[in-house]
J.: 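Structure below; questions to follow.
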Amino acid sequence: MSPQGETKIPAKRQLVTKPSRTADKVFFGLTSVAANFSIVLILLILGFLLYQAWPAFQSQGFSFFSGETWDSSATPQIFQIGPMLWGSVLVALLGMVIALPLAISLAYFIEFMAAKKIAAVATTLVDLLAAIPSIVIGLWGFAVFGPVAQHWASLLHDYLGWIPYVFYHEGANYGGSPFIAGLVVSVMIVPIITSVTREIFSQMDRDVVNASIALGAGRAATFRKVILPTASGGIVGGALLGLGRALGETIAIFFVLNLVFHINFFQVINGEGGTVASMIVSKFGEADASERSALMASGIVLFVLTLLISALSSYIVKKAQPWRTN
Amino acid sequence: MVETLLTESNAASHLEARGVHVWFGQRQVLQDVNLVFPSNQVTALIGPSGCGKSTFIRTLNRMHELIPGAGFAGQILLDGKDIYEDGTDAVDVRLRVGMVFQKPNPFPTMSIRENVLAGLRLTGKKNPNMDELVETSLRRASIWNEVKDRLNDPALSLSGGQQQRLCIARSLAMDPAVLLMDEPCSALDPGSTRRVEETIEELADQMTIVIVTHNMQQAQRVSHQTAFFLSEDGNPGGVVEFGTTEQVFNQPVDPRTNDYVNGHFG
């Protein structure tokens, strides 16, 4: 180590990040298998569905998506899911319209208003709501909630019936409408949107909220003009996550929505509707080979739709809040 | 011992704390604080962390009420009227007593201009000369020249020090009689700190300013009078010494003040 001497570079060592201990190796192996397995699984499912669905896509052509007829006894057989595809979107949107304000209010209450103990209880209750099996919600919607919602629907018809089209209704039976299905779905997506929104609210800089209050703003103004705009990206992401769930919801809707192969655009309290998922479950038991193929094709459509929406939601959650990166 | 020092000031007392006690839940954090803040003077609140000075400054615009379980006793007189009196709305108090926080906290979704006008928007107030208000507020916070060409840029595109002066401008746009500053420079670099201090000096002859600071030099540079807070052995915090800044730093009466201002603890 003489100061005048040439700088000696010691031998370079190879640094490794791979696990060296046996336990680490096992753990590393298990996790990477699991990670890859999920990708393989998705591809397998998609491949399997595509293989089975191909004949239906081939025989029906584009009208599979847009037509309004489903007839397995006709020759040739006609399988078209237009009303179901739109029905899925309509029910999901209705569920969203009902669930979104409710979920945002709940999240606001839990994060900004409730005392700690009450907030904890409310959080647990909302999470419990998410844990109820959808078959149970479907039964409840059919037997208990349905009649109540039918009464609401009749009120909508009586008081808002003058609005053309939307609140149109014929006859005395208010059951089986997209309105009721939307309400039932909203029960299932409120917990999802609430927990995402609550998370966004809890990550918000409290000082920004305090700044608003210190400027003399009330709670309502602070919520509308500071909290909502700041959290909007996350809320949209949560809403889309809920939308994905609502689109895929099957059994609960099967119980409360009439299946009619006629596109019902916005007659929300009219007992006509159906969704892709509820159609599949109602037809599959008695389907022959080619009808099954058509149902597989419907499954793919639903799969791709929900995949797109969840991809969109994670993209928005990430990108819509640029200020969170500084 | 405190009161005698106060009466020397000729300025009409604008803000006054009388017998202030504060609790969070069962725990008392402040005991019997009596301070007078004459108008157009800067008062520095100094003391080690946890002595209650930040809590105290929040009682002056009722911000401590936002903390669950907060309790209060005493009086805060603003122009002779108790801001805790029944029927006094905390919102009205905050319109007259502005606040600047420790960390710059501009509204992230708003532009520079929108941030200055945020108080008006949030309180539903109208001002016919928005552009003029934006300019005067930014000028008073000495940041106008730096931002005048990019008023519509996002507030977060500014540096930390500029953001803090923007937050000062945002408060000034509401034309408060009192400005509370809770360690406004603790998150800033020395250059930005100097700019904020210059701003404080310029504002001092227009309004009453109360500033919490951990920086002894800053207290000496910007304030006319200083209050030294201390909380010993887990007891509630209180004022140990209060007087002109000159006095507190150069001829402290209490030995604990002497130790603190000379850096022996804290």
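Computed from heavy atoms alone, side chains included, the values below leave out hydrogens, waters and symmetry copies. Quick note on labels: first sequence line is chain A, next is B, and so on, each numbered from 1.
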J.: Could you check B:Leu120, B:Leu122, B:Leu95 and say which one makes a side-chain contact (heavy atoms from CB on, under 4.5 Å) with A:Leu215?
T.: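 Only match with A:Leu215 under side-chain contact (heavy atoms from CB on, under 4.5 Å): B:Leu122.
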J.: Is it the case that over 12 heavy atoms from other parts of the model lie below 6.0 angstrom from the CD atom of B:Gln26?
T.: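 Open: at most 12 neighbouring heavy atoms sit under 6.0 Å from CD of B:Gln26.
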J.: Do A:Asp207 side-chain atoms and B:Asn105 backbone N/O form a donor-acceptor pair below 3.5 Å?
T.: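 Such a contact is absent between A:Asp207 side chain and B:Asn105 backbone.
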J.: Examine whether an atom of B:Pro106 lies under 4.5 Å from a heavy atom of chain A, and if so say whether it belongs to the side chain, the backbone or both; otherwise answer neither.
T.: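 Backbone of B:Pro106 only, per the 4.5 Å heavy-atom cut-off to chain A.
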J.: Can you name the closest pair of heavy atoms from A:Val208 and B:Pro108 and give their distance?
T.: CG1-CD, 3.9 Å
J.: Which of the residues A:Gly218, A:Ala214, A:Ala220 is involved in the greatest number of heavy-atom pairs with chain B at under 4.5 angstrom?
T.: A:Ala214
J.: What is the distance from atom CE of B:Met110 to atom OG1 of A:Thr230, rounded to the nearest 0.5 Å?
T.: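 That separation rounds to 7.5 Å.
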J.: Quick check on B:Arg58 against chain A: is it the side chain, the backbone, both or neither that has a heavy atom closer than 4.5 Å?
T.: neither
J.: Counting only non-hydrogen atoms closer than 4.5 Å, does B:Arg170 touch chain A with its backbone (N, CA, C, O), its side chain (CB onward), both, or neither?
T.: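 Backbone plus side chain of B:Arg170, per the 4.5 Å heavy-atom cut-off to chain A.
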J.: Can you tell me which portion of A:Ala211 sits under 4.5 Å from chain B's heavy atoms? Options are side chain, backbone, both or neither.
T.: both
J.: Given side chains that start at C-beta, do those of B:Met99 and A:Asn210 come closer than 4.5 Å, heavy atoms only?
T.: no
J.: For A:Tyr165, does the OH atom sit with more than 12 other heavy atoms under 6.0 Å from it, leaving out its own atoms?
T.: yes
J.: Under 4.5 Å from any heavy atom of chain A, what part of B:Val100 do you find: side chain, backbone, both or neither?
T.: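 Contact with chain A involves no heavy atom of B:Val100 at all.
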J.: Kindly compute the distance separating NZ (A:Lys225) from OG1 (B:Thr123), expressed to the nearest 0.5 Å.
T.: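 It is 8.0 Å, given to the nearest 0.5 Å.
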J.: Just verifying a value: how many Å separate A:Thr222 OG1 and B:Phe107 CZ, rounded to the nearest 0.5 Å?
T.: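 CZ of B:Phe107 is found 7.5 Å from OG1 of A:Thr222.
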